[in-house]
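See structure below.
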Protein chains: 2
Amino acid sequence: MDTIGFEAHDHKGCMRAALAAVEAHCTRHKLQFTPVRRRVLEILLSEHRAMGAYEILDTLRDEGLGSQPPVAYRALDFLVSNGFVHKIERLNAFIACTHPGQDHTPAFLICRQCDAVAEAHAEPSKGMLGRAAADTGFTIEQAVVEAMGLCPQCRESVHPCA
Amino acid sequence: MDTIGFEAHDHKGCMRAALAAVEAHCTRHKLQFTPVRRRVLEILLSEHRAMGAYEILDTLRDEGLGSQPPVAYRALDFLVSNGFVHKIERLNAFIACTHPGQDHTPAFLICRQCDAVAEAHAEPSKGMLGRAAADTGFTIEQAVVEAMGLCPQCRESVHPCA
DNA sequence: GCGTTGAGTGTTATGATATTACATATGGAG
DNA sequence: CTCCATATGTAATATCATAACACTCAACGC
């Protein structure tokens with residue numbers, strides 16, 4: 001299982017690996033991995049949680065890397081369209097991808113208590129959704145799958161008997 | 001298949017049926033189906049498409065049923081929390097449920113060209129998402145499933161050879 | 001070299017979506 | 001009738017996102 005988000009893990013390692021993967025991908029595809037874009041990705045990787053665009057912007061501003069919303073949104077657009085970062089529609093927030101460079105359809109488990117987000121894989125063309133699409137002649141290009149609920153930690157604290 | 005949205009259908013009939021079902025549900029559960037709430041649902045049913053809150057509010061205002069955002073948002077909150085209307089996160093918009101009263105997890109097929117939306121069923125606890133949740137101890141309470149793509153009509157117009 | 005071009009960035013302003021807070025009304029329970 | 005819960009009216013504001021335009025700079029053709 002490659003779900004990441006609710007367990008402890010080698011954080012520095014996963015950050016370094018993700019940055020390296022993104023760098024390689026950009027070099028290979030002749031994409032400009034500029035300082036602002038890199039910094040936004042670093043912020044998201046190091047926080048390892050879903051962050052709003054303005055929250056990211058605050059950090060950029062503190063570092064003198066741009067102070068207006070378009071700076072953050074442009075960097076996020078780049079990162080999202082290349083699959084390095086995902087947008088969580090439900091939270092209007094962004095989170096670094098846990099396996100950048102690979103082509104995939106992310107699915108998210110979002111804790112309503114602590115806002116922790118875990119990334120899993122979805123297979124939208126399979127299952128009932130794919131069948132419904134096929135039946136009606138709809139062509140799926142991209143899918144958003146977000147489950148709200150309680151993460152293991154928060155479930156414990158709600159049922160303290162455990 | 002109970003997907004609705006890309007085919008012609010008895011529009012007046014589906015509107016009457018939905019209103020009746022909602023009325024029955026409200027009576028049974030002692031919920032207040034007030035004029036504003038009813039009108040918002042009627043607007044969504046009659047347009048039969050995803051609408052923004054402010055777009056709905058414009059109509060309410062024209063009819064003297066309230067002019068400030070909270071009026072629309074409160075009615076929408078009521079309708080959404082009782083499953084009569086769904087929110088399309090991807091569009092920040094709302095759409096009337098095609099089978100109100102029944103307990104269900106909706107999934108949507110959204111055309112990126114014409115913004116038509118079809119509602120299907122999802123089964124979030126099954127498939128990879130359910131497995132990922134079970135593996136990590138996450139409890140799914142509610143899920144958002146939204147597929148973007150091209151509806152049959154728009155696919156035709158993109159490939160005019162058909 | 002030098003102009004042209006295109007991508008990225010800086011900045012201002014504004015648009016679009018959503019909520020807080022508080023005042024007012026209304027209808028049923030005791 | 002009074003109290004209370006629920007719903008509504010309204011003003012103000014918070015939050016999220018984009019349009020439009022000026023500027024920089026590196027790559028390229030000539």
Side-chain angles (χ1 to χ4, degrees), chain A residues 22-23 26-27 29-41 43-44 49-82 84-95 110 112 115 144 146, chain B residues 22-23 26-27 29-41 43-44 49-82 84-95 110 112 115 144 146:
Chain A
V22 169
E23 249 164 23
C26 287
T27 303
H29 293 81
K30 298 198 191 305
L31 300 170
Q32 298 189 46
F33 195 41
T34 64
V36 179
R37 292 170 178 178
R38 181 191 189 92
R39 192 66 195 111
V40 170
L41 179 59
I43 291 166
L44 283 170
R49 63 184 176 89
M51 298 178 74
Y54 278 69
E55 196 181 351
I56 293 167
L57 182 59
D58 286 343
T59 305
L60 291 180
R61 183 159 25 222
D62 290 347
E63 300 172 355
L65 265 172
S67 58
Q68 302 305 318
V71 173
Y73 280 103
R74 283 194 290 234
L76 287 166
D77 276 353
F78 170 86
L79 295 168
V80 167
S81 37
N82 290 288
F84 307 145
V85 162
H86 301 297
K87 178 167 189 185
I88 310 290
E89 295 291 342
R90 197 46 204 258
L91 303 177
N92 291 319
F94 301 84
I95 193 163
I110 307 166
R112 66 168 156 79
D115 277 356
V144 172
E146 298 174 1
Chain B
V22 168
E23 249 163 24
C26 287
T27 304
H29 293 79
K30 298 200 191 304
L31 299 170
Q32 300 188 42
F33 194 40
T34 64
V36 179
R37 291 169 178 179
R38 181 190 188 91
R39 192 65 195 110
V40 169
L41 179 59
I43 292 166
L44 283 169
R49 63 185 174 88
M51 298 178 75
Y54 279 72
E55 196 182 352
I56 293 166
L57 182 59
D58 286 342
T59 305
L60 292 180
R61 182 159 25 222
D62 290 347
E63 300 172 355
L65 266 172
S67 59
Q68 302 302 318
V71 174
Y73 280 103
R74 281 192 292 233
L76 287 166
D77 275 353
F78 170 86
L79 295 168
V80 168
S81 36
N82 290 288
F84 307 145
V85 162
H86 302 298
K87 178 168 189 186
I88 311 289
E89 295 290 342
R90 196 45 204 257
L91 303 177
N92 292 317
F94 301 84
I95 193 163
I110 307 166
R112 64 169 158 81
D115 277 355
V144 172
E146 299 173 2

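Source: prediction; values computed, not measured. Because only heavy atoms are used, hydrogens play no part in the values below, and waters and symmetry mates are left out as well, while side chains stay in. Naming: A, B, ... by sequence-line order, numbering from 1 per chain.
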Donor-acceptor contacts under 3.5 Å from residues 58-66 of chain B side chains, at least two apart:
residue, atom, partner, partner atom, Å
B:Asp58, OD1, B:Arg61, NH2, 3.1
B:Arg61, NH1, B:Ser67, O, 2.7
B:Glu63, OE1, B:Arg39, NE, 2.8
B:Glu63, OE2, B:Arg39, NE, 3.2
B:Glu63, OE2, B:Arg39, NH2, 2.9

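- Atom-to-atom, CD of A:Glu55 to C1' of D:dT15 comes out at 13 Å; the value is rounded to the nearest Å.
- Using modelled atom types, one side-chain atom of A:Glu146 and one backbone atom of A:Glu89 make a donor-acceptor pair closer than 3.5 Å.
- The CG-C1' distance, from A:Leu31 to C:dG6, rounds to 15 Å in whole Å.
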Produce the list of close N/O pairs, under 3.5 Å, pairing protein atoms with atoms of nucleotides 26-28 of chain C; give distances to one decimal.
none

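- Rounded to a whole Å, the CG atom of B:Leu76 is 13 Å from the P atom of C:dT17.
- Under the rule for a salt bridge (charged side-chain N to carboxylate O under 4.0 Å, His left out), the partners of B:Arg38 that lie at least two apart in sequence or sit in another chain are B:Glu23, B:Glu42.
- Scanning atom types as modelled, one donor and one acceptor separated by under 3.5 angstrom connect the side chain of B:Tyr54 and the base of C:dA18.
- B:Asp115 has its side chain out of reach of B:Arg49: every pair of non-hydrogen atoms, C-beta onward, lies at least 4.5 Å apart.
- Here the straight-line distance linking atom CG of B:Leu44 with atom CD1 of B:Ile95 works out to 8.0 Å at 0.5 Å rounding.
- Checking C:dT9, D:dT8, C:dA18 against the side-chain heavy atoms of B:Arg37 singles out D:dT8 as nearest.
- At whole-Å resolution of the value, CZ in B:Arg39 and P in D:dT8 are 15 Å apart.
- Applying the ring pair (Phe, Tyr, Trp, His ring centres under 6.0 Å) criterion to B:Phe84, with sequence neighbours excluded, gives B:His25.
- Across the protein-nucleic acid pair, B:Leu65 atom CG and D:dT8 atom P stand 10 Å apart, rounded to whole Å.
- Here D:dA7 presents its P atom at 14 Å from NZ of B:Lys30, a figure rounded to the nearest Å.
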In a table with atom names and distances, give each donor-acceptor pair under 3.5 Å that connects a side chain of residues 73-82 of chain B to protein atoms at least two apart or in another chain.
residue, atom, partner, partner atom, Å
B:Ser81, OG, B:Asp77, O, 2.5
B:Ser81, OG, B:Phe78, O, 3.4
B:Asn82, ND2, B:Phe78, O, 2.8

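- Within the 4.0 Å cut-off from OP1 or OP2 of C:dA18, at least one side-chain nitrogen or oxygen of B:Lys87 is found.
- Residues that satisfy the side chain to side chain donor-acceptor pair (under 3.5 Å) test with B:Gln68, not counting sequence neighbours, are absent from this structure.
- What separates CD1 of A:Ile88 from P of D:dC16 is a distance of 14 Å, to the nearest Å.
- Of the two residues near DNA chain D, B:Gln32 and A:Glu89, the one whose nearest nucleotide lies more 5' is B:Gln32.
- The side chain of A:Asn92 places no N or O atom within less than 4.0 Å of a non-bridging phosphate oxygen (OP1 or OP2) of D:dT15.
- Separation of atoms CD1 (A:Ile110) and CD1 (A:Ile88) is listed at 5.0 Å; rounding is to 0.5 Å.
- In this entry the distance linking CG of A:Leu57 with P of C:dT11 reads 12 Å, nearest Å.
- Contacts between residues 67-75 of chain B and DNA chain D, defined by a heavy-atom separation below 4.0 Å, involve B:Gln68, B:Pro70, B:Val71, B:Arg74, listed by number.
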